[in-house]
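Written out below as structure tokens is the structure these notes cover.
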Amino acid sequence: MAAAGGRTLGRSSFSRATSNRVTSSSGAAGVKIGPNGAAFVSSGIPDLDRILGGGFLLGSVVMIMEDADTPHHLLLLRCFMSQGVVHKQPLLFSGAMKEPRLFLGTLPAPVSSSKEDGRHRAMGAAASSDGRANDEGLRIAWQYKKYFGDDSRAEHKDNKQEFSNDFDLRKPLERHLLNGQNIECVSIQDADSLSGLQDCCSAFLSKLPRKDAGSLTAGRIAIQSLCAPQCRYFEKDWDMVSFIRSLKAMVRSSISVAVITFPSTVLSNSFCKRWQHLADTLLSIKAIPDEDKDLAKLLTGYQDMVGFLHVHKVAQTNSQVPVILEASTLSLKLRKRRSLVLERLNQAPVDGSSGPSSAASSSCSSQGSQLDF
């Protein structure tokens with residue numbers, strides 16, 4: 001309804017709740033506010049954050065289907081854990097190994113900080129050597145300012161760097177980043193049931209209630225190979241389903257994100273579908289056979305590909321609009337053999353034609369001659 005002075009007094013309760021949430025959590029480190037007031041944490045891969053519409057939704061369970069022929073799912077899990085360590089967020093890791101804390105030594109180190117420091121050192125050296133060159137650069141920047149507008153784009157870029165980092169998979173994370181942080185490691189290899197892991201998750205998430213939105217500190221739970229054959233509860237399918245349901249309920253009422261990887265080949269078809277249904281965000285990794293000549297002819301940039309990433313489901317909240325992805329199947333590449341990159345699949349040009357567009361147009365024209373409306 002409209003009031004005197006042209007100002008609007010009426011406002012829906014949904015909009016009012018959304019504005020309060022944005023105000024309370026906008027200053028949290030490592031948390032980004034998306035559409036409809038939804039809060040996200042970074043997956044550790046900038047390309048994946050962009051594809052999912054902001055990252056991993058707070059209060060959601062992300063499941064990654066492993067491939068039996070490759071351990072590429074560990075790349076996603078390590079980047080997710082390293083991003084939480086960089087943002088000093090509480091972390092709970094559980095793996096089917098006797099000493100899961102040793103897995104922290106495989107976490108990659110961020111590369112953006114070193115590049116940024118090198119750039120600042122180079123700029124400082126150039127400024128000290130020649131002050132006139134610095135003044136000339138400022139003058140040129142001032143002249144072109146009207147074409148680029150204000151500095152909001154640069155500020156947005158800096159915020160993006162703080163939210164999501166690029167990690168060097170060949171360089172381990174520095175040890176001082178792991179010391180003094182809230183990092184817990186639990187081994188599930190010797191457990192007779194999942195009750196012990198469930199108690200650890202409950203104690204961890206009890207410190208991150210959703211009602212404390214004023215001091216928002218997002219937590220991360222990473223579980224590697226939940227249904228691994230070396231675990232004693234391997235054949236207890238209903239117990240694992242019950243654990244996932246309870247974990248999903250606990251994550252919903254807390255400020256955290258849980259990522260679970262599992263080998264789908266060891267599960268039956270019925271239970272594998274149940275696991276996929278319980279996931280809020282569902283991803284799968286597929287390996288590329290070595291020296292596949294057919295794929296090399298079909299896809300461009302095949303030499304840098306290490307696998308395929310398929311997005312089956314994307315979590316969403318406060319909206320009934322379905323998520324429309326640019327592509328559901330993406331290529332998993334290693335840029336310079338160290339940075340993880342996701343790209344859309346590009347088809348190589350067909351022999352005897354000008355490219356994929358000509359082949360597509362010819363196929364459409366041939367089908368159009370057979371149809372009669």
Side-chain angles (χ1 to χ4, degrees), residues 30 41-45 48 55-56 58-66 71-110 165 167 169 171-191 193-208 217-234 240 243-244 246-248 250-251 254-263 279-281 283 285 340:
V41 296
S42 175
S43 63
I45 306 173
L48 184 58
F56 292 156
L58 276 181
S60 64
V61 176
V62 182
M63 303 188 99
I64 303 175
M65 300 172 61
E66 304 174 4
H72 292 332
H73 63 278
L74 296 178
L75 300 177
L76 277 67
L77 191 65
R78 288 167 178 165
C79 292
F80 170 75
M81 296 173 61
S82 295
Q83 191 67 66
V85 173
V86 170
H87 289 154
K88 298 181 180 180
Q89 297 173 342
L91 175 63
L92 174 62
F93 171 70
S94 178
M97 55 191 72
K98 293 184 179 180
E99 296 181 1
R101 186 164 290 273
L102 297 178
F103 187 78
L104 300 178
T106 63
L107 300 183
N165 298 88
F167 292 95
L169 300 176
K171 182 179 178 181
L173 192 65
E174 296 181 2
R175 188 173 297 274
H176 71 87
L177 296 176
L178 300 174
N179 298 331
Q181 296 195 24
N182 186 8
I183 301 178
E184 302 178 14
C185 298
V186 181
S187 177
I188 57 177
Q189 183 177 359
D190 299 331
S193 62
L194 289 171
S195 59
L197 179 59
Q198 183 174 346
D199 295 340
C200 294
C201 294
S202 178
F204 177 80
L205 295 175
S206 62
K207 304 175 184 178
L208 304 168
T217 303
R220 299 179 182 234
I221 297 179
I223 302 177
Q224 175 192 355
S225 302
L226 181 59
C227 57
Q230 57 267 32
C231 299
R232 297 183 181 180
Y233 56 82
F234 166 63
M240 291 186 287
F243 167 76
I244 296 175
S246 61
L247 178 62
K248 187 176 181 179
M250 291 186 294
V251 170
S254 65
I255 308 174
S256 61
V257 174
V259 176
I260 302 175
T261 66
F262 67 98
D280 296 317
T281 299
L283 309 174
I285 298 292
L340 200 60

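- Rounding to the nearest 0.5 angstrom, the gap separating the CD1 atom in Ile64 from the NE2 atom in His72 is 13.5 Å.
- Contact between Val257 and Gly59 at its shortest, heavy atoms only, is CG2-N, 4.4 Å.
- In terms of heavy atoms, Cys185 sits closest to Arg101 at SG-CA, 3.8 Å.
- Nearest heavy atom pair, residue Pro108 against residue Leu173, reads O-CD1, 3.5 Å.
- Rounding to the nearest 0.5 Å gives a distance of 11.0 Å between CG of Leu76 and CD of Glu66.
- Checked by atom type and distance alone, the side chain of Thr261 pairs as donor or acceptor with a backbone atom of Ser225 at under 3.5 Å.
- Here the OG1-CE distance, from Thr106 to Met81, works out to 7.5 Å after rounding to the nearest 0.5 Å.
- Using a distance-only test at 3.5 Å, with no hydrogens or angles considered, a donor-acceptor pair links the side chain of Ser187 to the main chain of Met97.
- Across all their heavy atoms, Leu92 and Cys200 have their closest contact at CD2-O, 4.1 Å.
- Leu247 CG to Cys201 SG: the interatomic distance, rounded to the nearest 0.5 Å, is 5.5 Å.
- Counting only heavy atoms from C-beta outward, the side chains of Met63 and Ile244 approach each other to under 4.5 Å.
- The two atoms that bring Pro172 and Ala109 nearest to each other are O-CB, 3.3 Å, heavy atoms only.
- With sequence neighbours left out, the salt bridge (Lys or Arg N to Asp or Glu O under 4.0 Å) criterion links Glu174 to no other residue.
- Annotation: side chain of Leu104 is not in contact with side chain of Val85 (no heavy-atom distance under 4.5 Å).
- Listed by chain and number, the residues in a side-chain contact (heavy atoms from CB on, under 4.5 Å) with Ser202 are Met250 (sequence neighbours excluded).
- Between Leu48 and Phe56 the shortest side-chain heavy-atom distance falls below 4.5 Å.
- Contact annotation: the side chain of Leu169 approaches that of Cys79 to within less than 4.5 Å [non-hydrogen atoms, C-beta and beyond].
- In this structure, Ser254 and Leu205 approach most closely via the heavy-atom pair OG-CD2, 3.6 Å.
- With sequence neighbours left out, Lys88 forms a salt bridge (Lys or Arg N to Asp or Glu O under 4.0 Å) with no residue at all.
- Proximity of a side-chain donor or acceptor of Ser82 to a complementary backbone N or O of Leu107 within less than 3.5 Å is not detected.
- When the ring-ring contact (aromatic ring centres under 6.0 Å, His included) test is applied to Phe243, no partner is found at least two apart in sequence or on another chain.
- Ring geometry for Phe93 versus Phe103: interplanar angle under 30°, hence parallel rather than tilted (30 to 60°).
- Arg220 places a side-chain N or O within 3.5 Å of a backbone atom of Phe80 that can act as its donor or acceptor partner.
- A distance of 11.5 Å separates OG of Ser256 from CG of Leu91, quoted to the nearest 0.5 Å.
- Taken to the nearest 0.5 Å, the CG atom of Leu177 stands 9.0 Å off from the CD1 atom of Ile183.
- The ring-ring contact (aromatic ring centres under 6.0 Å, His included) search around Phe204 returns none, not counting sequence neighbours.
- Listed by chain and number, the residues in a ring-ring contact (aromatic ring centres under 6.0 Å, His included) with Phe167 amount to none (sequence neighbours excluded).
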